[in-house]
Amino acid sequence: MNLIEVKVIFDADNIKEVQTEMINLLYEFGIQGVKIEEPMSKKNALDFYKDERQFLMKEYSLSAYFPNNAYAERKKELFTNVFEERFGEREDVIYNIDFYEHDEEDYQNAWKKYLYPEKVSDRFVVKPTWREYEAEEDEMVIELDPGRAFGTGSHPTTSLCLKLMEDHIVEGETVIDVGTGSGILMVAADKLGAGDIWGVDIDELAVESAKENLELNKVNQEKTHVFKGDLVKVVEDRKFDVVVANILADVILLLLEDMSRVIKKDGLMILSGIIEDKLPEIEQKIKALGFEIVEVKADKEWRAIAAKA
Ligand SMILES: C[S@@+](CC[C@H](N)C(=O)[O-])C[C@H]1O[C@@H](n2cnc3c(N)ncnc32)[C@H](O)[C@@H]1O
């Protein structure tokens, strides 16, 4: 069915009170259900992993849906007028009403409104496929449709990885990305001129998404290998110049030994997803495995490490 979304974005001195007033008004129009979106009040960095879409949200909004039929235009006019009457003159509220046409399945994609091209390192720009971007001469543009997998580039754990990759990966090096998600780091490795590029993830959706994004970025299929599953079983006895992993610190701690085994002599390990409190424990384990820490990058409460075998 074709639907119209009426979306009210607002800010107010008393958010909860105004939110209730607006919801009641929408119900007066006979709307059956209202979707409430609000920025997380206290952004706990770890929540990003639970719901990346909600984490990106910056505004308070209410959405209601009605059928796109012969009465739709009249209804839009009514919504606009009634909101203007009720809130137009008030100094404690600012709001904006937009109308969008949707297929029902578009609900799933509503979060895409929050993503824009973003320069995430000196040279990498991540560009959502549905946006336009004109690149500067020295920029490397990663085309991305993250689908339902993690890895839009907008999170510090991903951008820290991209920065370290940009600084350390040398043309022709082989790379494995552990926990590839959307495949963003595999694409980045290709842009940096890496040779064979492998990716693993335990999530089937991520594997599909990574393959799609590699194709979208026209990465030579012959040099990429994406697998669902456990790192060691997948790579068997192969060794790589660079291992990158942007996974939560507790998972890194579990995988460190396996990762250290798939790195060539003098190879490099790039680890991200490390909340600052966990840094000492990870550093200690890296050193115990015989690696030398060459760089630690920080962004807010996140840390990323480059270490040499
Ligand atoms: C934070 S996301 C990183 C995505 C992307 N590489 C990036 O940097 O934006 C972590 C990914 O690791 C995957 N993952 C979690 N535990 C894993 C494991 N033990 N082995 C492989 N992948 C794992 C998750 O499914 C998720 O896609």
Side-chain angles (χ1 to χ4, degrees), residues 44-56 115 118 120-121 124-128 142-166 169 175-192 194 197-214 216-217 219 224-235 240 242-262 269-275 278 282 297 299-306:
N44 174 350
L46 292 175
D47 284 339
F48 195 84
Y49 286 96
K50 291 190 208 134
D51 191 347
E52 187 181 11
R53 320 300 181 219
Q54 206 199 334
F55 202 89
L56 290 171
L115 277 186
E118 202 174 332
V120 291
S121 69
F124 280 120
V125 174
V126 182
K127 173 189 160 308
I142 299 174
E143 282 270 346
L144 207 77
D145 186 344
R148 282 152 69 195
F150 185 103
T152 61
S154 59
H155 193 250
T157 60
T158 309
S159 56
L160 284 170
C161 248
L162 290 168
K163 285 174 186 151
L164 285 172
M165 289 172 75
E166 190 178 296
I169 290 183
V175 176
I176 182 161
D177 175 15
V178 183
T180 193
S182 64
I184 182 169
L185 303 180
M186 293 184 72
V187 175
D190 177 63
K191 304 260 175 217
L192 291 165
I197 305 166
W198 288 55
V200 291
D201 204 294
I202 48 172
D203 179 357
E204 182 73 47
L205 274 173
V207 170
E208 277 171 35
S209 168
K211 284 182 179 165
E212 281 167 21
N213 282 312
L214 287 166
L216 200 63
N217 286 275
V219 181
T224 56
H225 314 266
V226 193
F227 295 98
K228 174 174 182 276
D230 174 68
L231 170 67
V232 174
K233 278 198 201 114
V234 167
V235 305
F240 299 83
V242 183
V243 175
V244 288
N246 172 16
I247 317 190
L248 279 181
D250 290 330
V251 183
I252 290 183
L253 283 167
L254 289 174
L255 292 178
L256 253 179
E257 211 166 318
D258 284 348
M259 290 198 281
S260 70
R261 281 201 210 113
V262 303
M269 191 187 260
I270 294 176
L271 305 172
S272 188
I274 304 163
I275 202 89
K278 292 275 181 182
I282 296 213
K297 276 199 190 296
D299 186 351
K300 304 191 187 83
E301 59 277 75
W302 297 101
R303 302 291 177 269
I305 301 174

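All residue numbers refer to positions in the sequence shown, counting from 1. All ligand and atom numbering here is 1-based and tracks the order in the structure. Given the structure is predicted, the values throughout are model-derived calculations rather than measurements.
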Review point. When only distance counts, is Asp203 in polar contact with ligand 1, meaning an N/O pair under 3.5 Å?
Key: no
Exercise for review: Can you figure out which of Val126, Val251, Asp201 has its heavy atom closest to atom 24 (C) of ligand 1?
Suggested key: Asp201
Revision key, fill the gap. For His225 and Met186 the tightest heavy-atom approach is O-CE, 4.0 Å
Study note, to complete from the structure: Checking heavy-atom distances from atom 23 (C) of ligand 1 to each of Ile202, Thr158, Val200, Asp177, the winner is Ile202
Exercise for review: Sequence neighbours left out, what pairs pass side-chain hydrogen bond (donor to acceptor under 3.5 Å, both in side chains) with at least one residue falling in residues 177-189?
Suggested key: Asp177-Thr180
**Study point:** Sequence-distant partners of Ala189, side-chain contact (heavy atoms from CB on, under 4.5 Å), two or more places apart
**Key:** Met165, Val175, Ala194, Ile197
Exercise for review: Could you tell me which non-hydrogen atom of Thr157 sits nearest to which non-hydrogen atom of His155, and how far apart they are?
Suggested key: OG1-ND1, 2.8 Å
Check your understanding: Between Leu162, Ile247, Asn246, Thr180, which one has a non-hydrogen atom sitting closest to atom 10 (C) of ligand 1?
Key -> Asn246
Study note, to complete from the structure: All heavy atoms of Val234 vs all of Trp198, minimum pair found to be O-CZ3, 4.0 Å
Check your understanding: Between Leu185 and ligand 1, which part of the residue brings a heavy atom under 4.0 Å of the ligand: side chain, backbone, both or neither?
Key -> side chain
Point to revise | Atom indices of ligand 1 within 4.0 angstrom of Ile184 heavy atoms, with elements | key: 7 (C), 9 (O)
